[in-house]
There are 4 protein chains.
Amino acid sequence: MGVSTLPRGRRVNSSGERSKKLLLEKATELFSKNGYHKTKISDIVKSANLTQPTFYLYFENKESLYNDLISQFKNNFLETINRIQSEADEGNIVENIHRNLTILFRFFESNPHLTKIGYYQTEEADKLKERFSDLIEEVLKDRAEFADYDIRIVAHSLVGAIERLTLTLLFTKEREPEQLASEIINLYFARNFVK
Amino acid sequence: MGVSTLPRGRRVNSSGERSKKLLLEKATELFSKNGYHKTKISDIVKSANLTQPTFYLYFENKESLYNDLISQFKNNFLETINRIQSEADEGNIVENIHRNLTILFRFFESNPHLTKIGYYQTEEADKLKERFSDLIEEVLKDRAEFADYDIRIVAHSLVGAIERLTLTLLFTKEREPEQLASEIINLYFARNFVK
Amino acid sequence: MGVSTLPRGRRVNSSGERSKKLLLEKATELFSKNGYHKTKISDIVKSANLTQPTFYLYFENKESLYNDLISQFKNNFLETINRIQSEADEGNIVENIHRNLTILFRFFESNPHLTKIGYYQTEEADKLKERFSDLIEEVLKDRAEFADYDIRIVAHSLVGAIERLTLTLLFTKEREPEQLASEIINLYFARNFVK
Amino acid sequence: MGVSTLPRGRRVNSSGERSKKLLLEKATELFSKNGYHKTKISDIVKSANLTQPTFYLYFENKESLYNDLISQFKNNFLETINRIQSEADEGNIVENIHRNLTILFRFFESNPHLTKIGYYQTEEADKLKERFSDLIEEVLKDRAEFADYDIRIVAHSLVGAIERLTLTLLFTKEREPEQLASEIINLYFARNFVK
DNA sequence: GATGAATGAGGATTCATTCAT
DNA sequence: GATGAATGAATCCTCATTCAT
């Protein structure tokens with residue numbers, strides 16, 4: 001072609017990058033707030049002060065953007081919960097669980113919008129919770145303290161409690177990650193493990 | 001081979017009551033499975049072997065039908081959980097809770113589709129859970145056994161646990177209402193209340 | 001059990017003729033008030049306390065019923081205005097015109113609904129007015145009194161005045177047919193004819 | 001021979017202003033010719049060589065476009081007739097009326113389609129004519145020349161005459177605005193005022 | 001890098017009309 | 001003579017997506 005008027009090598013901070021990031025933010029916000037179907041491309045670009053074709057400059061389409069957000073959450077989530085298991089055998093287990101629950105709540109808290117999308121509004125979310133539950137089962141299954149319990153039920157209960165507390169007390173800033181972790185320990189593990 | 005279209009008027013052996021009920025069932029099923037937006041009127045009527053205008057013979061429109069389903073669930077749910085509270089003071093509290101949890105799980109079990117719609121996929125659902133949580137708080141707040149606990153957290157945890165167990169163990173028929181109720185009592189109340 | 005459904009079929013004390021007449025009346029009323037498109041078959045039968053299939057028992061379809069109403073008006077109207085012409089030469093012309101205008105207004109007044117349909121809301125109406133205008137021209141064209149006038153304009157003015165007066169003063173019962181006829185004579189013919 | 005469908009995006013040499021204006025013109029034309037109900041959005045866009053979504057790019061919906069046209073006519077019409085009244089006292093009244101009638105006919109003539117919509121096919125039209133009639137009454141009521149007349153009848157007659165003449169002689173180009181104004185003066189005012 | 005202008009492909013809803021009883 | 005129950009055939013409108021500039 002003739003004269004390329006564009007400067008070579010785009011800077012990371014070019015306005016293109018900025019636009020993409022902005023769209024991503026707004027999309028995340030809107031998806032999290034209104035869900036996939038009620039969020040229109042026109043809403044996203046409007047709130048980013050851009051136009052619809054610009055959206056397609058940076059994202060393949062609506063669905064793939066949404067899927068990307070889900071994937072991103074999923075990866076981070078799995079990474080986070082896997083630490084619980086891998087560290088399960090080291091040191092005091094209750095302390096470990098406490099520490100890792102705190103980390104999990106902090107993770108949720110660090111990106112509430114993404115969490116809402118990935119953990120509360122997709123079908124994928126159920127699979128993640130299932131995985132989380134399996135992992136907890138794994139950790140508890142050989143513990144004498146839980147011999148009298150139906151471990152699957154304990155695991156699912158924990159997952160459910162965490163899910164609900166995140167939404168109602170963490171996202172609303174009524175409780176801190178540490179507090180939630182402590183109370184969960186207190187409620188589910190204290191009398192069983194301690195002493 | 002042309003698709004032979006149906007003749008216009010009334011079908012042989014057709015009945016309005018039956019058609020309405022059928023549409024309602026199919027709609028509930030599809031909404032519960034695919035959500036509001038992915039469920040088309042055309043899907044509903046197709047699965048009921050009827051045509052679109054027939055849908056409008058019995059329901060005002062898609063949204064109002066969905067809202068009706070939500071309302072129906074809401075009313076039944078509130079009625080069910082209100083019993084927990086109203087009976088809270090009578091007799092042995094743990095027994096009461098056990099009985100009413102059983103009833104609640106049975107209610108969920110009795111219409112899983114409606115429950116999925118009303119308790120898992122609408123915004124209304126969060127309000128219902130909030131209400132449920134408030135009610136639990138009310139029941140626990142004066143109990144010495146929970147003096148050391150953050151009651152809001154206990155309440156939300158319980159709601160979360162119930163929600164999750166319903167989905168993963170009740171709807172899959174892996175556990176019975178009574179079992180779930182017992183285990184919840186065991187996990188949350190046993191050591192606290194019994195002696 | 002509980003719901004005693006209404007018996008189908010022929011209603012006690014109902015005659016086909018009566019139903020037909022009732023439907024015709026209601027249709028005329030509704031068409032005249034709301035026009036062809038805003039009048040639904042369902043409206044007509046509802047206001048006659050009948051059902052849609054009954055409508056088709058007596059009328060071919062919506063359009064043909066409407067056309068029948070138009071025809072009916074048209075025939076009566078043409079018959080009425082033709083008298084004006086045929087009597088034009090007999091006796092005192094002003095008196096003749098006065099008498100026939102009165103008859104015309106009485107005709108309009110006798111069935112305002114039908115008049116509204118046939119004279120105010122169809123395309124046919126314009127043809128009727130054109131015809132009326134031509135007829136008036138015919139009557140006036142050899143009159144020395146109108147030698148100075150553009151007869152077509154006089155004719156169309158008269159038709160327009162009659163149309164408007166019918167709607168605003170006759171149908172509202174603010175003036176009587178005779179009054180309107182007299183005033184029109186006064187306004188258009190008096191000084192011209194009466195010496 | 002397949003119908004080759006248009007490609008998706010922007011057309012070569014397309015302009016929003018032009019498209020909107022074109023749609024407006026075609027809509028006005030079709031509404032005026034066929035009325036609101038018989039004019040489909042699909043007709044409008046077809047005659048503008050565009051597609052249905054494009055219509056909604058420029059207009060909110062069918063009804064609001066139609067209402068806009070009515071409003072536009074209404075405003076212009078009221079402005080025009082208000083001049084008649086406001087100038088009624090200045091100079092020779094017959095001359096004034098003649099001048100303003102001419103202006104009115106010119107206004108009708110300048111946009112026959114819009115006039116047909118706003119003055120001949122809506123319910124609003126009757127209100128406008130009523131208003132026009134009231135205004136004429138106002139102008140005539142203190143005139144000694146009309147002492148013997150029923151002024152309401154004169155006013156309504158005039159309105160009716162103007163309405164009819166516009167349709168039959170102005171729109172068909174059989175008469176000019178000035179001619180019509182002159183003849184109306186001649187017919188209604190000449191002998192009364194002059195002399 | 002971004003926008004103005006357009007469209008394809010549905011999806012909900014309405015209404016006149018028609019069978020079966 | 002009349003109704004209950006249904007459908008065919010539109011029609012409006014929306015939304016993600018794409019071309020030309």
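Proteins come first, then strands; the chains are lettered A, B, ... in the order of their sequence lines, and each starts at number 1. The structure presented is a predicted model; accordingly, all values stated were derived computationally and were not measured.
- The nearest heavy atom of DNA chain F to D:Thr39 and to A:Ile41 marks one nucleotide each, and the one closer to the 5' end goes with D:Thr39.
- The nearest whole Å value for the distance from the CG atom in A:Leu22 to the P atom in E:dA2 is 10 Å.
- Within the cation-pi definition used here (under 6.0 Å to the ring centroid, within 45° of the axis), B:Lys62 qualifies as a partner of B:Tyr36.
- In this structure, C:Lys20 atom NZ and F:dA2 atom P are separated by 13 Å, rounded to whole Å.
- No donor-acceptor pair under 3.5 Å is formed between the side chain of A:Asp68 and the backbone N or O of A:Leu65.
- Between the side chain of D:Asp43 and the main chain of D:Lys40, a donor-acceptor pair closer than 3.5 Å is present.
- With rounding to whole Å, D:Lys46 atom NZ is found 14 Å from E:dT7 atom P.
- Taking the ring centre of A:Tyr120 as origin, the terminal cationic atom of A:Lys129 falls inside the region bounded by 6.0 Å and 45° from the ring axis.
- Residues from residues 52-68 of chain B with heavy atoms under 4.0 angstrom of DNA chain F, sorted by number: B:Pro53, B:Thr54, B:Leu57, B:Tyr58.
- Going from atom CG of B:Leu50 over to atom P of F:dG4 covers 18 Å, rounded to whole Å.
- What separates NZ of A:Lys38 from P of F:dC15 is a distance of 13 Å, to the nearest Å.
- Closest contact between the side chain of D:Arg10 and the listed nucleotides E:dA12, F:dT7, E:dA5 involves E:dA5.
- Side chain of A:Thr39 to backbone of A:Leu30: a donor-acceptor contact under 3.5 angstrom is found.
- When the P atom of E:dC15 is taken as reference, atom NE2 of C:His37 falls 12 Å away, rounded to whole Å.
- Within the structure, every side-chain polar atom (N or O) of A:Ser19 is placed at least 4.0 Å from both OP1 and OP2 of E:dG1.
- The strand DNA chain F forms stems, runs of 3 or more Watson-Crick or G-U wobble pairs with distances below 3.5 Å, at E:2-21 with F:2-21.
- The side chain of A:Thr51 sits closest to E:dG4 out of F:dA6, F:dA16, E:dG4.
- Between A:Leu69 and A:Leu114, the shortest heavy-atom contact is O-CD1, 3.6 Å.
- When rounded to the nearest whole Å, the span between CG of B:Asp43 and C1' of E:dA12 equals 13 Å.
- Between B:Phe55 and B:Phe59, the ring planes are tilted. Angles from 30° to 60° get that label.
- Between the CZ atom of D:Arg8 and the P atom of F:dA16 there is a distance of 12 Å, given to the nearest Å.
- Judged by distance alone, the side chain of A:Thr54 and the main-chain N or O of A:Leu50 form no donor-acceptor pair under 3.5 Å.
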